[in-house]
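In what follows, chains are A, B, ... by sequence order, proteins preceding strands, each numbered from 1. Fair warning: this is a prediction, and the values are worked out from it, not measured in the lab.
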Amino acid sequence: MTRKIVVTSALPYANGPIHIGHLVEYLQTDIWVRFQKLCGNSCLYFCADDTHGTPVMIRAKQEGITPEQLIERVRGEHLRDFTGFGIEFDNYYSTHSPENRQFSERIYQGAKDRGSIVKRGIEQAYCEEDRMWLPDRYIKGTCPKCQAPDQYGDSCDVCGAHYRPTELINPYSSLSGKTPVWKNSTHIFFRLSDYETQLRNLMDAGYVQPQVRNKMEEWFQAGLKDWDISRDGPYFGFAIPGETDKYFYVWLDAPIGYMASCKNYCDRNGLDFERVWNGGEYELYHFIGKDIMYFHALFWPATLLAAGYRTANKLFVHGFLTVNGQKMSKSKGTFITAETYLRHLDPEYLRYYYASKLAPGVDDLDLSFEDFVFKVNADLVGKFANLASRSVPMITKKLGGRVGRIDEAGRRLLAALQAAKDSIVADYESLNYSAAVRTIVALADECNQYVDNHKPWSTIDADPEGTRTVLTTVVNAVRYLTIYLKPILPGFAAKVETCLEVPPLTIADIATVFEDRPIRPFERLAERVDKDKVAVMVEESKEQSQPAASTPAVPEAAPVVPQLAEPLEPVCTIEDFSKVDLRIARIARAEAVEGADKLLKLELDLGALNKQVFAGIAKAYTPEQLVGRLVVCVANLQPRKMRFGVSDGMVLASGPGGKDVFLLAADSGAQPGQRVH
RNA sequence: GGCGGUGUAGCUCAGUUGGUUAGAGCGUGGGAUUCAUAAGCCUAAGGUCGGUGGUUCAAAUCCACCCGCCGCCA
C-alpha cells in the first residue's frame with residue numbers, strides 16, 4: 001500500500017552558513033525521503049529558512065542592509081549549499097512569508113480562545129544608546145559570585161554560577177558597550193501546563209525515542225512553566241495582533257514555518273493544505289537535533305493542539321557532529337562549511353560516510369578524517385565501484401556490449417541479494433542506516449568473492465559464453481546493490497542507470513532480473529578520495545575563519561570594558577610552554593608559491609639544520625624583503641603536508657592577517673639555532 | 001551544581017529478554033593472484049567490554065558509587 005508522508009528538517013537560522021554539522025540532519029532526512037520515494041511512497045520534504053529575531057536584525061544592521069535583504073541573500077546561499085549535497089526539498093521556503101504570518105496569528109488566536117494566553121510584567125534590560133531591549137545573551141558583566149569579568153547575562157563560564165542579568169556587576173551591552181537600564185514591560189505568555197495531559201499522551205503514543213522520552217519525563221517532573229512568546233520592538237518578526245509594538249518571539253513562528261512551507265507548496269501544486277496537513281491521510285515526521293528537543297517536544301505540539309491542528313506522528317532526534325572526536329573548531333579548521341567542502345570533495349563521500357554511521361539514537365556522530373578516507377576508499381570505491389569496474393568493461397570491450405542469461409550459480413548469489421531486501425528496508429525505515437550499510441557492504445563482499453571464484457578474466461577467451469553468464473550475474477548484482485544504495489548515493493545510482501539504459505530504479509526492481517540486453521560503455525562510478533585534499537580543505541577552513549574572528553562586532557562602538565579582539569587562552573604552565581621549541585632562524589631563501597597568493601616558501605637556516613616552511617605572509621612581505629632576516633620559528637611543530645609541499649615549522653608574527661602581518665625579529669647578536677626561552 | 005545520554009580491539013562501530021572460547025569493517029602482518037580505481041581473494045595477530053564494589057550458578061549486559069566525554073537547565 002502506498003503511504004503518503006510529509007517530512008521536515010529543522011529550519012536553519014538565517015545568519016550563518018550551512019556547515020558539515022547541519023548536514024548530518026539534512027542528509028539523514030534526505031536519505032529517508034529518497035528511501036520512501038524508492039519504495040514508491042508519496043513523500044513531501046519541506047524546509048525553510050528561520051529568519052526572525054534579534055541576531056538577524058543586528059547582523060543586517062552591521063552589514064548596512066535591511067533584514068529582508070539579508071534573509072533573502074542567506075536563503076539563496078543555504079539553498080545553493082543544500083542542492084550541492086543532493087538534498088532535494090519539495091519546497092524550501094521562508095518564515096518571513098504571508099503564510100507564516102497567517103498561521104502564527106491563527107495559532108495565537110487559538111491559544112487565546114482556549115484561555116492559554118496570559119500577560120504579566122517582567123523586568124528587562126534596555127539599551128538607550130541603541131534604543132532596543134537586550135536579550136540576556138547580549139548583556140555582559142562581572143559575575144556576582146566569582147567576580148570574573150565579561151560573563152554572559154545568564155551564567156558564568158568561569159565558575160558556572162547561574163543568576164539573573166540584573167545581578168551582574170557593571171553590566172554592559174555587548175553591542176554598544178553602554179550600561180543598560182532596567183525597565184518593566186508587559187510580556188505575553190503561553191501557558192504550557194494547560195497541555196500537560198495531552199503532551200504526556202503524545203509521549204505514550206511513541207512521539208519520541210526512548211532516550212528523549214527520559215528527558216521529557218524529567219521536564220514534566222520539574223513542572224511545565226509558562227513560555228514567554230512576545231518580544232518588544234524593535235524586533236524583526238511578526239507584530240502580535242491587538243498589541244502595540246509587540247512581536248512574536250522567533251521560536252513561536254519558526255516551527256510554524258513547516259506549515260507555511262507546506263501551504264505554499266500545496267497552493268502552487270493544486271493540493272488542499274487542510275487535507276495534507278490536517279486530514280490524517282498523510283503521516284508527518286520532524287527531523288531535529290537534540291538541542292531543540294524542548295521546542296519540538298513541548299512548545300510546538302502544545303501550540304498546535306491549542307489551535308486544533310494535528311501534531312506529528314514522530315519526532316526523529318539526532319545527536320551532534322564532532323570532528324576527530326571534538327567539537328567543531330574554527331582554529332583547528334574543523335568548522336567546515338558546506339561551500340568549502342564542495343570546493344574540494346565529492347558530496348557523495350559525505351553522504352556515504354554519514355549514512356555508514358547514522359543510527360536511530362541520539363548519540364553524537366564523529367567525523368574522523370582518517371576514518372572518512374579509509375571508509376570511502378575501502379567500501380565505496382574498493383567494493384562497490386570496483387565491482388562494476390572489474391566486470392562491466394569486459395562485457396562492453398570483449399563481449400559485444402550485451403548481457404546474456406544467468407545460470408544456477410548466479411541465481412544463488414542474486415537470491416542472497418534479493419533476500420536481504422526486507423532487512424535493509426526495515427533498517428532504512430527505522431533510521432538505522434549504519435545497519436543497512438553494513439548489510440549492503442557484506443553483500444558486496446559476497447559479490448567480489450563470486451568474481452574471484454569464477455575468474456572471468458581467465459575464461460573469457462576460451463569460454464566467452466560461460467563468461468558472459470558470469471558477468472551477467474555480476475551486472476545484476478551491481479544493479480541490486482545500486483538500488484539498495486540509491487537513497488544514500490543518488491549520483492552513483494544515476495551513473496549505473498545510464499550505463500544499463502534503464503529508467504530510474506526502484507525497490508520493485510529487486511524482484512526482476514536484467515537479461516539479454518545491450519549495455520552502454522562504463523563510466524567510473526566514484527573516484528578515490530585523496531587525503532591531501534582533505535588536508536587542504538581543513539587548511540582553508542582555518543584561513544577563512546581568521547578575518548571573521550578578528551573583525552569586531554561593531555567597529556565604531558568603543559566598549560567601556562577593555563576587551564582583546566582575540567581573547568586570552570586558558571592558563572598555560574611553564575611545562576606547557578617548554579613544549580614549544582622556539583628558535584632563532586635566518587631566512588636563507590624566500591620565494592613566491594605558484595597558485596597560492598597568500599603563501600611564501602621559506603628556507604630557514606637554524607645553524608646546524610635547514611627547514612622548509614610555508615608562511616601565509618605573502619600579502620605583507622615580498623621575498624626580497626625577507627632574505628637574510630632573523631626571525632623566530634616554532635622548530636618542533638608537527639610537519640604539515642600542504643598542496644605545495646611539506647611545511648616543517650612556522651614563523652612567528654602578529655596581526656589579523658592579509659596585509660597586516662608583522663614578523664617577530666631578534667636583536668642583533670642572536671644566532672640562528674639559538675633557543676628562545 | 002541538578003538532570004539526561006554515553007564509554008566494547010590502533011580507528012569507527014555491532015552486540016537481541018544476563019548464557020559456551022565477546023563480533024564486524026577499516027588499518028597492520030603473512031600468503032596466493034592480477035580482471036579491476038595500488039582495487040579484489042585467503043589468512044593471522046589485536047580487547048580485564050571506563051573503574052571499583054554488589055546481585056547471580058552465570059554480567060559487556062542488572063544494581064550502587066566513582067571517573068571521562070556530549071548535552072539540557074526553557
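- Under the ring-ring contact (aromatic ring centres under 6.0 Å, His included) criterion, His22(A) pairs with His19(A), sequence neighbours left out.
- One interatomic measurement links the two molecules: CG of Asn214(A) to P of rG2(B), which rounds to 19 Å at whole-angstrom precision.
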Note to self: Please encode protein proximity along nucleotides 32-42 of chain B as a string of B, S and -, counting only heavy-atom distances under 4.0 Å.
What the structure shows: --SBBB-SBSS
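- In this structure Tyr353(A) satisfies the ring-ring contact (aromatic ring centres under 6.0 Å, His included) test together with Phe372(A), sequence neighbours excluded.
- Judged by distance alone, with hydrogens and angles left aside, the side-chain atoms of Asp407(A) form a donor-acceptor pair with the main-chain N or O of Gly410(A) at under 3.5 Å.
- Residue-level contact check: Trp251(A) touches neither bases nor backbone, having no heavy atom under 4.0 Å from any strand.
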Next item on the list: Heavy atoms under 4.0 Å is the rule here; annotate nucleotides 7-18 of chain B 5' to 3' with B where the base is hit, S where only the sugar-phosphate is, and - elsewhere.
Entry: -----SSS----
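- Cation-pi geometry between Arg120(A) and Phe189(A) is met: under 6.0 angstrom from the ring centre, within 45 degrees of the axis.
- In this structure, Tyr235(A) and Tyr247(A) have tilted ring planes: the angle between them lies in the 30° to 60° band.
- Between the base of rC3(B) and the side chain of Lys215(A) there is a donor-acceptor pair shorter than 3.5 Å.
- The salt bridge (Lys or Arg N to Asp or Glu O under 4.0 Å) search around Asp445(A) returns Lys383(A), not counting sequence neighbours.
- Sequence neighbours left out, the pairs with a member in residues 453-475 of chain A that pass ring-ring contact (aromatic ring centres under 6.0 Å, His included) are Tyr450(A)-His454(A).
- Base orientation of rG46(B): syn (glycosidic angle within 90° of 0).
- Figure legend: Arg231(A) and Tyr249(A) shown as a cation-pi pair, the cationic atom lying under 6.0 angstrom from the six-membered ring centre and within 45 degrees of its axis.
- Between the CZ atom of Phe320(A) and the C1' atom of rC69(B) there is a distance of 14 Å, rounded to whole Å.
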Name each donor-acceptor pair under 3.5 Å that joins a side chain in residues 393-404 of chain A to protein atoms two or more places apart or in another chain, with its distance.
from      : atom 1 : to        : atom 2 : distance (Å)
Thr396(A) : OG1    : Pro393(A) : O      : 3.1
Arg402(A) : NH2    : Asp516(A) : O      : 3.0

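- Helical stems in RNA chain B, defined as runs of 3 or more consecutive Watson-Crick or G-U wobble pairs with both donor-acceptor distances under 3.5 Å, are listed by first residue as B:1-7 with B:67-73, B:10-13 with B:23-26, B:28-31 with B:41-44, B:50-54 with B:62-66.
- Residues forming a ring-ring contact (aromatic ring centres under 6.0 Å, His included) with Phe287(A) (at least two apart in sequence, or on another chain): Trp32(A), Phe316(A).
- For the pair Ile288(A) CD1 and rG71(B) C1', the computed distance is 13 Å after rounding to whole Å.
- Annotation: side chain to side chain contact (heavy atoms under 4.5 Å, CB included) contacts of Ala385(A) (sequence neighbours excluded): Phe492(A), Leu525(A), Ala526(A).
- In this entry the distance linking CG of Leu298(A) with C1' of rC73(B) reads 13 Å, nearest Å.
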List the atom pairs, with distances to 0.1 Å, where a side-chain N or O of residues 200-207 of chain A and a protein N or O form a donor-acceptor pair under 3.5 Å, not counting sequence neighbours.
from      : atom 1 : to        : atom 2 : distance (Å)
Arg200(A) : NE     : Glu196(A) : OE2    : 3.1
Asn201(A) : ND2    : Thr197(A) : O      : 3.4
Asp204(A) : OD1    : Arg213(A) : NH2    : 2.5
Tyr207(A) : OH     : His296(A) : O      : 3.0

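- Within 4.0 Å (heavy atoms only), Gly289(A) reaches no atom of the nucleic acid at all.
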What pairs of nitrogen or oxygen atoms, one from the protein and one from nucleotides 66-68 of chain B, lie under 3.5 Å apart?
none

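- Between Leu321(A) atom CG and rG71(B) atom P the separation is 12 Å, expressed in whole Å.
- Surrounding NZ of Lys495(A) are more than 12 heavy atoms belonging to other residues, nucleotides or ligands, all under 6.0 Å away.
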